[in-house]
Amino acid sequence: MKKIRQPIIAVLGHVDHGKTTMLDRIRNTRVAEKEAGGITQHIGATEVPIEVVKQLAGPLLSLWKGEIKLPGLLFIDTPGHEAFTSLRARGGSLADLAILVVDINEGFQPQTIESIEILRKYRTPFVVAANKIDRIKGWKIVENEPFLVNIKKQDQRAVQELETKLWELIGKFYELGFQANRFDRVQDFRRELAIIPVSAKYGIGLPELLVLIAGLAQKYLEEKLKIEVEGPARGTILEVREEVGFGTTIDVIIYDGTLRKDDIIVVGGKDKAIVTKIRALLKPKPLDEIRDPRYRFDQVEEVSAAAGIKIAAPNLEEALAGSPVIAARTEEEIERAKREILEQIKSVIISTDKVGVIVKADTIGSLEALSKELQEKNIPIRKADVGNISKTDVMEALSVKEEEPLYGVVIGFNVKVNEDAEEVAKAKKIPIFVGNVIYKIIEDYEAWVKAEEEKKKKELLAQTKFPGVIKIFPDERYIFRRSHPAIVGIEVIEGRIKPGYPLMKQNGERIGVIKSIKSKEDFLQEAKKGDQVAIAIEGAIVGRHIHPGEILYVDISRDDAIRLVKELRDMLDETDIRALKETAKVKAQKDPFWSAL
Ligand code: GDP
């Protein structure tokens, strides 16, 4: 039998923008009539029955012509983009819809942008809750009422300020490629992002928010939400945890089918699929019925999607958060489920001998998201695994470092760094990049790579001689001293010279080293094409080795030449290149290497 299930809804946004407050407010929504049925607490999720939405909505329902047939809305209790990325299903996100919470006074922040990027990637439709409108100067709070009721009570200045702030948001969305508008001005919900001004704290605009989500799901997701209720269940592990009296349990969101107490389930473990038989299906006891905190759960016989449920079963110790749960009733179904799960795990948890970075994340879903992001940036991955950063990870990065220093790092999303790992990393100078905003972690890594490259270049630069061609002035007046050291006036014809550079004649014979460069009274660290300076040459005697009017060259080495054309190419300007060509001609008389340059 087919039925339409509740859409699963996630709440995302920057820290402190009000995600938790919003979820709390939704959980505590009260409706007048008893028959409406209450909001029910699932494991890890909260269900708002459609009657509640309809009651709250009143005349707002007319926003959606046509009937809403959904049974309700299922909100995932853990907000944030970390949880969202963790909760994968069907190769995408477990959530059918999302609410992006933005503090209207603070606007876009790093986690707002991260959330939008993630929603875009997963193609998850979302609405925007522009939160904390009660903070707008002069706003008169009409608690628990729709935004459209509130706005009528405001004076012109507050309305104006709200509009200005909304425009700023709309502008930001536009920069990211989204058409956004205040929800009551949206013409086409498929093409425009709806912004609902709300105050989570005072319940303003929540009726509209719920109605909009319900309507969007009904209108655009109906097909996706139609499920074969009786079919074997499918879900995603939210969390693996110990429960007194039950051992290791898994908290699961079921998004398809029905899970029965006597079902066999297949779940993802670190490097295997775990097949196990359900011992108990647990749901939270209503708060007012908990007398003894040890008995916080009620056992149920079965549960149908969409729902959040705790499963007690043997052998769940190694189950992985974020991995799929598939119920199976026949041998064949078990085998198929095992294959599917193993395939998924193997595509995410990788272990190779490649020269690449070490990646860690808290769940299989977030690991996949982070790895994908790195791959898109062409950053090779040696190992990707779930869990905190361990000493082994750092040691592995160390072995990579020996081959390619820029990849000898550990990158972690939403994980801790074990103490011993931290110690080794410090001692062996292995950088660890951790955080909870994927693009920030990658940005940090890229910034480090850039700084390392600059450093290396600086070192190379210090080691490398640049080519230069100079001419001793023909006039004897500019021979200031003939020997020990010889001091002569010159002009740099091409390229550059520096103190310490050796000089050679046109036939390739080395005649001495530049000891110093002087212009008027100043000693210079460098002279470039066109500069007329005096140089002291250690080792050369005027009249014997060098003569007025003679052309001399910086005697660069093969290594210099190779570094110049390879690593330091962008440091060479036209005159350096001409100097290099002329130098190569001189050197080629004795060494064929230079004719190939
Ligand atoms: P989260 O980190 O996104 O989950 O944010 P919280 O829900 O914890 O909220 C952060 C702070 O903002 C708390 O002090 C809330 O009381 C406050 N807050 C949340 N929503 C509102 C709102 O609508 N108006 C006002 N004035 N404060 C709010």
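Owing to the predicted nature of the structure, the values given are computational and were not obtained by experimental measurement. When a ligand or atom number is given, it counts from 1 through the structure's own listing order.
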Which side-chain N or O atoms in residues 183-201 pair as donor and acceptor under 3.5 Å with protein atoms at least two apart or in another chain?
residue	atom	partner	partner atom	Å
Asp184	OD1	Arg182	NE	2.8
Asp184	OD2	Arg182	NE	3.4
Asp184	OD2	Arg182	NH2	2.8
Arg185	NH1	Glu163	OE1	3.1
Arg185	NH2	Glu163	OE2	2.8
Asp188	OD1	Arg190	N	2.9
Glu192	OE1	Gln187	N	3.1
Glu192	OE1	Asp188	N	3.4
Ser199	OG	Asp134	OD1	2.8
Ser199	OG	Tyr202	N	3.1

Please list every donor-acceptor pair under 3.5 Å in which a side-chain atom of residues 431-440 meets a protein atom from a residue at least two apart or in another chain.
residue	atom	partner	partner atom	Å
Asn436	ND2	Glu82	OE2	2.9

- Any chance the side chains of His17 and Glu106 put a donor and an acceptor closer than 3.5 Å? yes

- Task: Please check if any side-chain donor atom of Asn418 sits under 3.5 Å from a side-chain acceptor atom of Lys391, or the reverse.
- Result: no

- Message: Looking only at the side chains, is there a donor atom on one of Gln41 and Asp77 sitting less than 3.5 Å from an acceptor on the other?
- Response: yes

- Query: Looking at residues at least two apart in the chain, or sitting in another chain, which of them share a salt bridge (Lys or Arg N to Asp or Glu O under 4.0 Å) with Glu317?
  - Reply: none

- Task: Below 4.0 Å from any atom of ligand 1, which residues have a heavy atom? Give them in chain and number order, please.
- Result: His14, Val15, Asp16, His17, Gly18, Lys19, Thr20, Thr21, Asn131, Lys132, Asp134, Arg135, Ser199, Ala200, Lys201

